[in-house]
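Below is one structure, written out as structure tokens; the observations come after it.
Basis for what follows: all heavy atoms, side chains included, without hydrogens, waters or symmetry-related copies.
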Amino acid sequence: MTRALVALAILVGGCGATVDVYRYRPAPLPAGQSPQALLDGALRQLITVEWTTGHHPIPPGRLLVAPDATGIAGTLILPSGNAVPQLYVAYREFPSTVRSVSCFQNQWTVHLADRSGRSLDLVFPSRQSARQFLDAATALGHNQVVSR
Amino acid sequence: MKRSFLALAVVGLVAGSARVARADGQVSFDVQAMAAVSPLDGGGGPAAHTSALVAGTMPLATSSSGAPSDAIVGVEVRPSFAFSRGLRIGVGFRAGRGATFGDGTVDTGSTTMWGGDVSLGLQRWFGRVMPFIEARFGFNAYSFDTVNGPSHAEQLRLDGVLGARLYLGSSFYLAAAAFGGWGDRYGGSLGLGWDLIRYRNRGVLP
């Protein structure tokens, strides 16, 4: 009886998860810092990656996210070891490609969408690393547009 | 006995002190007891398939008039999702049995019922209370014994619903609703629910 009532107390007290959702607005990078180095540093802290393929089922394997000169590529590593390109989000598409940033249980998720409607969620351990990733990617995109 | 009272006091304290943090969106799950007057014999349903009844396969355990059970009682489970601007959508599943026949005679278990619906509505927070209105479109499926053997009937329903949640804790609430329309002529439900996930819009990322 007592256990049941204590369980009820916990239930009443609150067991629902709360997700905080933020809009992203670009901010300037710290002075003297290279955007590429900041991006690499943020991606090294990445906890996990979640993604969708639009209307198609997600094939087996794991997604490897890696930056290159013009954007972030998501490559599927199949169980056989073969690499299949899946997603590509160009730096010049930032910040419009950022749907939102959410925080749940102290993990910060950056929600991105590519032009084909496929989503890429990058989970970071802190707000600072999420912001560092976004600001660096946005700065790289801005630099590309300017250099054209 | 003392322990139970102590635990009950803890429940009361927690319930009373828990903050109800307003959410901009939430995924909720309700479990409710429901009762409805839902006549099958041409009771105004938009497309009640009562051919089995019309054909003379009356329920075996019926009232003296031979009319089918027209009140139902059951349990509903109702997951729902609320958006930040007060829009709510949900689905409901119900299972139950016939309660009374048209003349008030108690149905002793000859009729069983299950069904489902989809809903669309609006809700708004007022402190711990969140009233809502919604429209539900769904069906009831009945099974009953007749002199010719088991039979089935289906009934579409379209209901307007007026209800409210009273938050007892940060994510735990009491839910009550009254509904009326076609199919389910009128009825009500009472139960408990939980916000499984809540979304809060926090503005610009700091």
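Interatomic distance, B:Arg202 CZ to A:Ser100 OG, rounded to the nearest 0.5 Å: 14.5 Å. Considering OG1 of A:Thr18 and OH of B:Tyr199, their distance stands at 10.5 Å, rounded to 0.5 Å. With rounding to the nearest 0.5 Å, the separation of CZ in A:Arg131 from CG in B:Leu205 is 4.5 Å.
Counting non-hydrogen atoms of neighbouring residues, nucleotides and ligands closer than 6.0 angstrom, the CG atom of A:Asp68 exceeds 12 such neighbours. Heavy atoms of other residues, nucleotides or ligands lying less than 6.0 angstrom from CZ of B:Phe83 number more than 12. The local environment of CH2 in B:Trp114 is sparse, with at most 12 non-hydrogen atoms from other residues, nucleotides or ligands closer than 6.0 Å.
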